[in-house]
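Below: the structure, in structure tokens.
Chain letters run A, B, ... following the sequence lines, proteins first, then strands; residues in each count from 1.
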Amino acid sequence: MGKPLRWPLGCDPNELTGQTVLGVRRRGKYMLLDLGSGGLLLLHLGMSGSIQFGQTLPPPGVHDHVDLNTSQGTLRLHDPRRFGALVFAPSEASAIAQKLLGKLGVEPLGADFNVADFAQGLKSRKAAIKQVLLSGVPVVGVGNIYACEALFWAGIHPTVSAAGLAPKRVAKLHTAIRDVLTRALGHGGSTLRNFSNAQGQNGHFQLQTMVYGRAAEPCRNCGTAIASIRQGQRSTFFCPHCQKP
DNA sequence: CACGGATCCTGATGGC
DNA sequence: TGCCATCAGGATCCGT
């Protein structure tokens, strides 16, 4: 099928034949399929990827790159931009698995994401808090939309240094990250254009963002025009009045 | 170790 | 209508 993704699979596809998928986990934005051999498949959707699962799927299109056929149905990986990846790792301890997963921060909705460790993790980061949130360390899972939204709810200006945040503000940000992600999950996730879940349904969190994608529109809290800047080649949206340096 | 910039790729969009 | 520039949900790599 389609063109290669971000990285090669890392094994002969025939080696996957007959393997059992014991279960599916997630780490950061990687999906992990545990195989009976002890190996695992790491699946990442990048920016434009999506998966589809079904008994009978339509013939693959140009951007359908992988069909993983199982006794339960076919898992299809669709990714126009090909920033995504499907990588085989012989074990979780293998070099490739460690390279991709080894340095990831804690899960934002897990018990390990506590204020004390979060504050400690930010202390060594002089960079802008927005960029630190995107970096996957000390916490994973916070993408561009949620970084912008969480900073709004915490009242924190995106350009301030992570290391310089007062403890009280770190605590507020910690709460905001969990709240924003929890709410977004409740709404089925975000979408700009063509995000969809494995059943083809769209998320609709974008319809209620406070700042993301709202440049020049009035802040839903104070009416001030939402500002848009670029940080590390990414767009940042914030309210100049509600978010303090 | 940490930072900032470049980079991978295609599609949608808007200006001329 | 066509052409071109810009921008997009991510994260790695490399030079400093």
Side-chain angles (χ1 to χ4, degrees), chain A residues 1-8 10 26-32 42-51 60-66 77-87 89 95-105 108 120-151 158-164 177 180-181 183-185 187-198 201-216 228-237:
Chain A
M1 292 175 67
K3 303 177 188 174
L5 293 163
R6 180 171 188 163
W7 297 299
R26 180 189 57 75
R27 184 71 183 91
K29 294 187 176 177
Y30 288 93
M31 282 178 256
L32 314 184
L42 311 182
L43 174 60
H44 198 297
L45 298 178
M47 294 217 273
S48 57
S50 63
I51 53 173
V62 268
H63 298 309
D64 294 325
H65 304 298
V66 178
L77 180 53
H78 174 89
D79 188 0
R81 217 170 151 185
R82 289 193 281 132
F83 280 15
L86 179 70
V87 175
I96 182 65
Q98 282 303 303
K99 179 182 157 192
L100 296 177
L101 308 174
K103 288 188 301 183
L104 294 181
Q120 183 63 34
L122 294 182
K123 270 176 75 177
S124 63
R125 308 294 296 275
K126 187 170 163 278
I129 182 63
K130 159 76 185 323
Q131 292 179 257
V132 170
L133 289 179
L134 288 184
S135 74
V137 184
V139 60
V140 298
V142 185
N144 203 33
I145 296 177
Y146 303 129
C148 292
E149 294 298 301
L151 286 171
T159 63
V160 301
S161 166
I177 289 169
V180 162
L181 290 175
R183 262 181 287 142
L185 282 171
H187 287 278
S190 308
T191 182
L192 286 182
R193 289 185 185 83
N194 47 20
F195 166 84
S196 64
N197 63 21
Q201 298 163 323
N202 289 336
H204 52 275
F205 183 72
Q206 79 168 127
L207 298 180
Q208 37 195 332
T209 59
M210 295 299 280
V211 290
Y212 185 87
R214 302 193 64 243
S228 163
I229 59 174
R230 291 196 65 87
Q231 292 179 283
Q233 288 84 249
R234 310 300 301 282
S235 291
T236 298
F237 301 87

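Looking at the side chain of A:Tyr212, the nearest of the listed nucleotides B:dC3, B:dG11, C:dG9 is C:dG9. Considering only the side chain of A:Lys29, C:dG10 comes nearest among B:dG11, C:dG10, C:dG9. Taking only side-chain atoms of A:Arg234, from C-beta outward, the nucleotide of C:dG9, B:dC3, B:dC8 with the closest atom is C:dG9. Closest to the side chain of A:Lys99, out of B:dA6, C:dG9, C:dC13, is C:dC13. Closest to the side chain of A:Ser235, out of C:dG10, B:dT10, C:dC7, is C:dC7. In this structure, the nucleotide among C:dG9, B:dT7, B:dC8 sitting nearest to the side chain of A:Gln233 is B:dT7.
Looking at A:Arg230 and A:Thr236, their side chains never bring a donor and an acceptor atom within 3.5 Å of each other.
Between C:dG9 and B:dC3, the distance separating the two C1' atoms is 24 Å to the nearest Å. Annotation: C:dT12 and B:dG11 have their P atoms spaced 24 Å apart (nearest Å). C:dC14 sits 16 Å from B:dC9 when the P atoms are compared, rounded to a whole Å.
OP1 or OP2 of B:dA2 has not a single side-chain nitrogen or oxygen of A:Lys126 nearer than 4.0 Å. Dashed line: the shortest gap from a side-chain N or O of A:His44 to OP1 or OP2 of C:dG10 is not under 4.0 Å. For the pair A:Tyr30 and C:dT12, the criterion of a side-chain N or O lying under 4.0 Å from OP1 or OP2 is met.
One atom, CG of A:Leu101, and another, C1' of C:dT12, lie 14 Å apart when rounded to the nearest Å. Computed from coordinates, the A:Leu86 CG to C:dA11 C1' distance equals 17 Å when rounded to whole Å. Summarising the geometry, the separation between CE on A:Met47 and C1' on B:dC8 is reported as 10 Å, rounded to the nearest angstrom. Computed from coordinates, the A:Ile96 CD1 to C:dT12 P distance equals 10 Å when rounded to whole Å. Taking atom NE2 on A:His65 and atom C1' on B:dC9, their separation rounds to 9 Å, with Å as the unit. Rounded to whole Å, the distance from CZ on A:Arg82 to P on B:dT7 is 18 Å. If you measure from atom CZ of A:Phe83 to atom P of B:dA6, you get 15 Å, rounded to the nearest angstrom. Remark: P of B:dG4 and CD of A:Gln231 are 10 Å apart, rounded to the nearest angstrom.
Nucleotides of DNA chain B nearest to A:His63 and A:Arg6 differ in position, and the one nearer the 5' end is that of A:Arg6.
Looking at heavy atoms from C-beta onward, A:Val66 lies out of side-chain contact with A:Leu43 at the 4.5 angstrom threshold. The shortest distance between side-chain heavy atoms of A:Ser161 and A:Val132 does not fall below 4.5 Å.
Relative to the six-membered ring of A:Tyr30, A:Arg27 misses at least one condition, a distance below 6.0 Å or an angle of at most 45° to the axis.
The base of B:dC9 lies close enough to the side chain of A:Arg81 for a donor and an acceptor atom to sit less than 3.5 Å apart.
Here the closest non-hydrogen pair linking A:Asp79 and A:Ser48 is OD1-OG, 2.5 Å. A pairwise comparison of heavy atoms in A:Met210 and A:Arg214 identifies O-NH1, 3.0 Å as the closest pair. Between A:Ala97 and A:Leu42, the shortest heavy-atom contact is CA-CD1, 4.3 Å. A:Ala150 and A:Ile177 get closest at one heavy-atom pair: CB-CG1, 3.8 Å.
Among the heavy atoms of the strands lying under 4.0 Å from A:Gly143 are primed sugar atoms or P, OP1, OP2 only; no base atom is included. Looking at heavy-atom distances under 4.0 Å, A:Lys103 makes no contact with the nucleic acid at all. Residue A:Ser124 is classed as a sugar-phosphate contact, given heavy-atom separations below 4.0 Å to backbone atoms only.
In this structure, A:Arg6 has no salt bridge (Lys or Arg N to Asp or Glu O under 4.0 Å) partners at least two apart in sequence or on a different chain.
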Applying the Watson-Crick and G-U criteria (both distances under 3.5 angstrom) with [ ] for crossing and | for other-strand pairs, one obtains for DNA chain B .|||||||.|||||||
